[in-house]
Structures are given as structure tokens and as C-alpha cells.
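Whatever order the structure lists them in is the order used to number ligands and atoms, beginning at 1. Numbers here simply count residues along the sequence, with the first being 1. This structure is a prediction, so every number in the text was calculated from the model and none was measured.
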Amino acid sequence: MKIVVVTLFPEFIEQVLKFGVLGRAIERGVLSVETVNPRLFATDVHKTVDDRPYGGGPGMVLKAEPLRRAMVDAAQRVPAARRIYLAADGAPVTQRKIAELAGMAGLVLVAGRYEGVDERFVEAYTDESMSVGDLVLSGGELPALTVIDAVSRLLPGTLGCAESAEQESFTTGLLDWPHYTRPEAWEGREVPAVLLSGNHAAIVRWRLKQSLGRTWTRRPDLLRQRELSREERRLLDEYQAEQDATRYGSGTQPLREGET
Ligand code: 9WO
């Protein structure tokens, strides 16, 4: 798969591509990532890519023409690519969306800067806008790298079978289970005994229960989107009952202000 990033800071993108899973995917030829800098397509002597916003207000806006020329160049490098603008007000990116993108021939990711880009470019030269979270950053490069990283993990050949993406959070529709490694005791905290038992079936069951419980506690919205099997429902009931017992049975209910 080829991804081209339209960015004023190519080095920003290129540095991150050297590391970890992303670097390995590129080394293995599973993924290629290129950058196109709109500044190279600015026609004036000062290489101007931004200008003041019509209607006044703070900040500057990226001009449509240098972006258009950069997009034309990018599209020639990866024909039939999905063209995505990374914006705080874009559609939220989900793992399901990432899986859809991973099945495409190529992507062009546009990373904005300043206060944004001329809307006419977004309308005419991108297919969709995407957000990686309800937050405003200094630019679209980190969101673009987030999308690239998540997509790369789903490309065949990136992860070994041991690192399979199937069991990852969100891929199962649930949050991940807790992880532990040596030593068995650390600062008075023990590794759950089941993980030391060697009983694989019990370990699988415990992990599923923890994933269900964590999703219920931290992201009930995800749980509402997911059908539970009879066994999953039973495990979650067990988890919830244990939580209640911990909360009310052992007298460790934290004192609220003013209580004695
Ligand atoms: C800059 C600015 C300066 C003065 C007054 C208001 C301002 N708003 C912004 C602004 O929102 N800049 C954005 C920076 C313009 C588009 C690229 N930038 C960006 C993308 N920030 N955060 C994202 C982003 C993208 C995807 N998912 C989450 C956040």
C-alpha cells in the first residue's frame, strides 16, 4: 500500500517512519509513505502558502492553489487513492474505518497547519475529513501518522502472527485486558494467580472477563454497540458482582467529605 502525505513539514513525517512497526512495514515493502510539500508548488518568489483569512480574525489560512498542485502531484504518485483531510472537525476515526482504509489501494492524507485550509480546496480535492479525537493540535501531521500507524498494523505482513491485530482493543469491539510481566510481586502487588496457573482455558476466560469489565467501566458506549454471547453476558455479570462486593462488602468505601 502507498500513502502520500501532503505536509509543510515532510521531515516531521519522515522521522517517525524509521521506528517500530511502521519502520518494519516499510522495510518489508508492505507499505510505502511519501511526502509532498505544498511550498514547492508556491509560484511567487517568497514561496507563499498562506494568507490572511477573509472576514478577518486571528491566524493565517493555507492557500488553495499550492495545495491543489501538491494534491495533483500526490495523486499521480498513488492513482485511485482515497484523499483524506485531517481536521479536528472531521468525522471521528474508528477501528472499523481504519480497516476500511487498510483495504484500499492507496491514500493521500492532507495535514493542515495554521488556522486551517481554504475550504474550496477541501470541497474540490478531498473525499472526506477525519478526526482522531476531539482536540485541536498544532497541525494535521500527528493525526496523519496516527492513521498511518493504525492502517499499517492491519496490512498483511506487518505484524507477525504472535502480534496479530485480531485481539487488539476495538478490533474485538472490546477494550484490551490487563497485561503483566516479571517480577511476580512488585511493590506488594501480585500478578493475578490465574495467569501463573498454566490453565489456558481459565486464562482465556479471565482475559475475556477483564476485557468485558473494562469496557463496561470505561467505554459503555462500545458495549452498547456490541451483541454479547451468553457466556460473555455471564462473565460480565460475574465481573459486576465482584465489583459490587469490592465496593460495598469490605468496608473500604472511601469516606466522602464531611462523613465521619
Ligand atoms: C489554529 C488557530 C490559530 C488561531 C486561532 C484559531 C485557530 N485554530 C487553529 C486550528 O484549528 N488549526 C488547525 C491545526 C488547522 C488544521 C490543522 N490543524 C489541526 C488538525 N489541529 N488539530 C487537528 C486534528 C486533526 C485530526 N484530528 C484531530 C485534530
Exercise. In Å and rounded to the nearest 0.5 Å, what is the OG to OH distance from Ser131 to Tyr85?
Worked result: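 So the gap between those two atoms works out to 11.0 Å.
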Exercise. Are any non-hydrogen side-chain atoms of Leu67 and Val49 less than 4.5 angstrom apart?
Worked result: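 Of all side-chain heavy-atom pairs linking Val49 with Leu67, none is under 4.5 Å.
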Should we say atom [atom1] of [X] is surrounded by more than 12 heavy atoms from elsewhere, each under 6.0 Å from it?
X      : atom1 : answer
Glu227 : CD    : no
Asp44  : CG    : yes
Lys2   : NZ    : yes
Glu184 : CD    : no
Arg226 : CZ    : yes
His179 : NE2   : yes
Arg233 : CZ    : yes

Closest protein heavy atom to [atom], given as residue, atom name and distance to 0.1 Å:
atom                    : answer
atom 27 (N) of ligand 1 : Val132 N, 2.9 Å
atom 12 (N) of ligand 1 : Tyr114 O, 2.7 Å
atom 8 (N) of ligand 1  : Glu115 CG, 3.7 Å
atom 11 (O) of ligand 1 : Val136 CG1, 3.4 Å
atom 29 (C) of ligand 1 : Leu135 O, 3.3 Å

Exercise. Does ligand 1 have any atom sitting under 4.0 Å from a heavy atom of Gly133?
Worked result: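 Yes.
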Should [X] be counted as touching ligand 1, given the test is an N or O pair under 3.5 Å?
X      : result
Met130 : no
Tyr85  : no
Leu137 : yes

Exercise. How does Ala111 reach ligand 1, by side chain, by backbone, by both or by neither, if only non-hydrogen atoms under 4.0 Å count?
Worked result: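 Near ligand 1, Ala111 shows nothing, with every heavy atom at 4.0 Å or more.
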Exercise. Taking heavy atoms and a distance under 4.0 Å, where does Pro143 meet ligand 1: side chain, backbone, both or neither?
Worked result: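 Side chain only; the backbone of Pro143 stays clear of ligand 1.
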For this session: From atom 25 (C) of ligand 1, work out which of Gly139, Ala87, Pro58, Gly140 has a heavy atom at the shortest distance.
Result: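 Answer by nearest heavy atom: Ala87.
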Problem set entry | Heavy-atom nearest option to atom 24 (C) of ligand 1, drawn from Gly59, Gly116, Ala88 |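 Shortest heavy-atom distance from atom 24 (C) of ligand 1: Ala88.
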Problem set entry | Salt bridge present between Glu128 and Lys97 (N-O < 4.0 angstrom) |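 Answer for the salt bridge query: yes.
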Per-atom contacts of ligand 1 with [X], taking only distances under 4.0 Å to non-hydrogen atoms:
X      : answer
Gly112 : 17 (C)
Ser131 : 26 (C), 27 (N), 28 (C)
Leu86  : 20 (C), 25 (C), 26 (C)

